[in-house]
Amino acid sequence: MASGGNGGGGRVIRVLNVAEKPSVAKAVSGILSRNQGGGMRVRDGRSRYNKIFEFNYTIRNQPCQMLFTSVTGHLMELEFDDRFRKWHSCDPLHLYDAPVRKYVPQDKLDIKRTLEEEARGCQWIILWLDCDREGENIAFEVLEVCRQANHNLNVWRARFSALIDREIHQSVQTLVQPNQLFSDAVDVRQEIDLRIGASFTRFQTMLLRDAFVLDFATDDRNLVLSYGPCQFPTLGFVVERYWEIQAHEPEEFWTINCTHNFDEGSATFNWMRGHLFDYTCAVTIYEMCIQEPTATVSKVKQQEKLKYPPHPLSTIELEKRASRYFRMSSEQTMKVAEDLYQNGFISYPRTETDCFSEKTDLRTMVQEQGGHPVWGSYAQRLLDPQSGLWRNPSGGGHDDKAHPPIHPTKFSAGESRWSQDHHRVYELVVRHFLACVSKPAVGAETTVEIDIAGESFFACGRVILAKNYLDVYRFESWGGSVIPTYTFGQQFIPRSLTLDSGVTRPPPLLSEADLLGCMDKAGIGTDATMHDHIKKLLDRFYAIKDSSTRFSPTKLGEALVMGYDDMGYELWKPYLRAMMECDMKAVSMGTKRKTEVLETCLQQMKACFLDARANKGKLFEAMAIFFERSNRSSGGEQQVVGDVVRRCGLCLESDMVLRQKPCRNVVWLPGSLSEASVTENTCTSCGPGCIGGCDDILRQLVGICGTGSRSSSNTFGRGRGNPTASSSAQRGNSRAQGSCAYCRQTGHLSNDCPSQASRSCTARSQEVDLQNGESSIPCNSCGAPCNLRTANTASNRGRKFFSCQSRECNFFVWEDTLSGGERTNTSASTSSRRGGRGQGAPNTSGVSFVSATGEPITGRCFICGDPGHFANVCPRRG
DNA sequence: GCAAGGTC
């Protein structure tokens, strides 16, 4: 193929240029036609959105008549052949092998016709699609259409990283060839998504929809229980957090607080250890402090602190911040942002980029905002060199090479047709932009540390010296508190020294911003689609969003995740997507072939689908916990008891049986049980129906696993693949039995133990002998040495304990609880833990993998459910 | 009627 240099001065050739969207066609045409004789003409194409721009341009001395049009994203869709498109036309399993084809859907036919008509009269085609994998794939879709109309087209690809003059001119003078490998990677994704999505969606919809009374849907006959590699992991995040909250057992902890008042004011000092979970340990230390309450200032640190403005605005940040500041849904935010963009007020709203190009004329953009009645004066101050307020924005390190960060492109003090949400989003974009080019806020921070009887406490004070960007970015604040001046070595008697209790709280439900953060981190969806996946959860009745924009699963969402989880698959976790992303990258780099990846992945998923179908009883069981059975069931449940009515016409495998509706009161048996059966034996203690109430061991096991309806059943405790939470349940169980950690009697907790010495704030205590460094063990929690100290309090006279030298660490362990020679292996959990229940607990699964993003993940192969390998190397893959 | 990815 000839390069752009055709010797120059020859006949003018016609060049068809195609961009991914109308805005890019317009922008690039504007740049290329500037300073060219003849200017730029615009005419309509067959699609009302996709205009055709015409101008003259010279590419490497070759005079060209440029025609510049666009598509609107993908021109084609992937679909099964007609005979597989109807839901009942085939077994969903066949969708893994059914032929697929790409076609131009009805609403894109007008664009197709424009391309065909224009291509016929051109000699060259230059593809200006976005420079990412999807863009490369769209380029090949455009090419397919254009080549069918004109076989002799000379094909070129323009690579550009920003819509700025220099980039665009350089790009058109250094044209390259389209990259087939990038496009192949997208073909792989499309085919896998379609086959997995369609097969699982049809399977679970036909299996469950008619089998249960789904009371939330007005017309449950048309309900679709969809499965998708993005929507399910998104649901998984919601369910996982919900289960975490349900599994949370409040745990009591203890902390020592100190206050000091004098003429200059007052200060509250916090215990450097944070808190301890063992009352005895806490009260021992507390008594030592009371014994010698004189505080000595051990450190005074003063430093200047800066609070930096945010990075330039990407799509995800816009969605997160609009949710946080205005409680707007990500879907609504994008709808409004799209409208503002279409009307020229803000830049392209779908961007991953969070840094401005050096060439961007930021000052002119700021200048435009100078007339605004509210933030105009700030914009003017920003441009005044005397103010010293300007700062070149710092980037966040992301660049999609296609679009700049979201910024204002046209001044407005508000338009009459704008809704409140339009005002909000525009204001956020402008204020965010002004904040980005402003200096950080400056504060003077003072940290004071004091020592009381060997224990450290600290207090912080902050005075804001200059608000800078905070003056315009009203959405953020920086709290300041004033404390008196202290000097090193100063001594004082605290006004109060109290031993206070608290309880651990569960984490909150996921907010929309949290959910977007989870998806972003796990690589679920793209900046342009994340809000769609979230909306899909709501549309499918899988999740609900409360007034605080926090998500919780519906019964349906929870049941589906529970069903797959009980099968042993982690299809509701992000690993499948991570693996696909990894494979797609390999295809785009040429290290794996398209056909090889497709074959392997689909084979894995087909095996998974077969297993899931074989274990569909698990889905039934999970659904039965939440929903009543419907009398119009056509599904095939395997593990039901009752009279056989007929063979199931759908699966042709199972019998259809008559069954009473399941009771929601359940007893979860331990996961380690391989079999359970009902016998005719009668328990001599409890009579018939005994499920272990008279057997201590069984009672304990049943207790661990939980009983009752879903609200009281502990899902983690059923071995739901979360060893941390499982052990939480066990701990919670021992707590529920009411045994005191101090005297081991039941009926009261340790803090109410009558056998303990007085735990009042004025408890008498004796001298404490601190043996610095004489004997130490490495801290189990942070690794620093732990000193051996002797308690001489009323309740623990002469008892020795190790306490971590690092004051930020709350490690504390009685010496007599350590066994000889194994001190360093002894868990700190007998006496203290960091950060509340569950954290830092050992992972007992013994299996860990590394995901595509490099982060360790644990769990089982989602194909076979076995631990020890990931699906990539699953032996079932064949 | 199904996915996710573009985009208006």
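Just so it is clear, the values below take in all heavy atoms, side chains as well, and ignore hydrogens, waters and symmetry mates. First the proteins, then the strands, lettered A, B, ... as listed; each starts at 1.
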- More 5' along DNA chain B: Asp532(A) or Arg202(A), using each one's nearest nucleotide?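 Looking at DNA chain B, the more 5' nearest nucleotide goes with Arg202(A).
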Expressed in angstrom and rounded to an integer, what is the separation of [X] atom [atom1] from [N] atom [atom2]?
{"X": "Gln231(A)", "N": "dG1(B)", "atom1": "CD", "atom2": "C1'", "value": "13 Å"}
{"X": "Lys536(A)", "N": "dC2(B)", "atom1": "NZ", "atom2": "P", "value": "7 Å"}
{"X": "Glu331(A)", "N": "dT7(B)", "atom1": "CD", "atom2": "P", "value": "17 Å"}
{"X": "Leu537(A)", "N": "dA4(B)", "atom1": "CG", "atom2": "C1'", "value": "14 Å"}
{"X": "Tyr49(A)", "N": "dT7(B)", "atom1": "OH", "atom2": "P", "value": "15 Å"}
{"X": "Met580(A)", "N": "dA3(B)", "atom1": "CE", "atom2": "P", "value": "14 Å"}

Is the shortest side-chain N/O distance from [X] to OP1 or OP2 of [N] below 4.0 Å?
{"X": "Tyr341(A)", "N": "dT7(B)", "result": "no"}
{"X": "Lys108(A)", "N": "dT7(B)", "result": "no"}
{"X": "His533(A)", "N": "dG5(B)", "result": "yes"}
{"X": "Thr529(A)", "N": "dG5(B)", "result": "yes"}
{"X": "Ser226(A)", "N": "dG1(B)", "result": "no"}
{"X": "Arg540(A)", "N": "dA3(B)", "result": "yes"}

How is [X] classified with respect to the nucleic acid when contacts are heavy atoms under 4.0 Å: base, sugar-phosphate, or nothing?
{"X": "Gly135(A)", "value": "nothing"}
{"X": "Arg577(A)", "value": "sugar-phosphate"}
{"X": "Lys335(A)", "value": "nothing"}
{"X": "Glu136(A)", "value": "nothing"}
{"X": "Phe232(A)", "value": "nothing"}
{"X": "Asn137(A)", "value": "nothing"}
{"X": "Pro92(A)", "value": "nothing"}

- Those residues that, when tested against Glu338(A), pass side chain to side chain donor-acceptor pair (under 3.5 Å) (two or more places apart): Gln342(A), Arg350(A)
- With sequence neighbours excluded, what pairs up with Thr69(A) under the side chain to side chain donor-acceptor pair (under 3.5 Å) test?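 Checked Thr69(A) against side chain to side chain donor-acceptor pair (under 3.5 Å); zero matches.
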- Item | Residues in salt bridge (Lys or Arg N to Asp or Glu O under 4.0 Å) contact with Asp82(A), at least two apart in sequence or another chain | Arg85(A), Arg101(A)
- Residue set satisfying salt bridge (Lys or Arg N to Asp or Glu O under 4.0 Å) with Asp130(A), at least two apart, ordered chain then number -> Lys21(A)
Counting heavy atoms from C-beta on, name the nucleotide in [options] closest to the side chain of [X].
{"X": "Thr205(A)", "options": "dG1(B), dT7(B), dC2(B)", "value": "dG1(B)"}
{"X": "Arg209(A)", "options": "dG5(B), dT7(B), dG1(B)", "value": "dG1(B)"}
{"X": "Arg350(A)", "options": "dT7(B), dC2(B), dA4(B)", "value": "dT7(B)"}
{"X": "Cys230(A)", "options": "dC2(B), dA4(B), dG6(B)", "value": "dA4(B)"}
{"X": "Trp87(A)", "options": "dT7(B), dG5(B), dG1(B)", "value": "dG1(B)"}

- Task: Evaluate the ring planes of Phe620(A) and Phe212(A), with Trp represented by its six-membered ring, and classify them as parallel (under 30°), tilted (30 to 60°) or perpendicular (over 60°).
- Result: tilted
- Query: Step by step, would you call Glu415(A) with His422(A) a side-chain hydrogen bond (donor to acceptor under 3.5 Å, both in side chains)?
  - Reply: CA-CA 9 Å; Glu415(A) 308 292 312; His422(A) 282 79; over 6 Å; no
- Message: Between Arg157(A) and Glu136(A), does any side-chain N to carboxylate O distance fall below 4.0 Å?
- Response: yes
- Would you say the side chain of Gln204(A) and the base of dC2(B) hold a donor-acceptor pair, judged only by whether the two atoms sit under 3.5 Å apart?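 Answer no: no donor N or O sits under 3.5 Å from an acceptor.
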- Message: Among residues at least two apart in sequence or on other chains, which ones pass side-chain contact (heavy atoms from CB on, under 4.5 Å) with Lys535(A)?
- Response: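 By the side-chain contact (heavy atoms from CB on, under 4.5 Å) rule, Lys535(A) matches Glu331(A), Asp539(A).
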- What parts of residues 183-201 of chain A reach DNA chain B, counting only heavy atoms under 4.0 Å away?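 Nucleic-acid contacts, sorted: Arg189(A), Gln190(A), Asp193(A), Leu194(A), Gly197(A), Ala198(A), Thr201(A).
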- Message: I want to know whether Phe68(A) and Phe53(A) have ring centres closer than 6.0 Å.
- Response: no
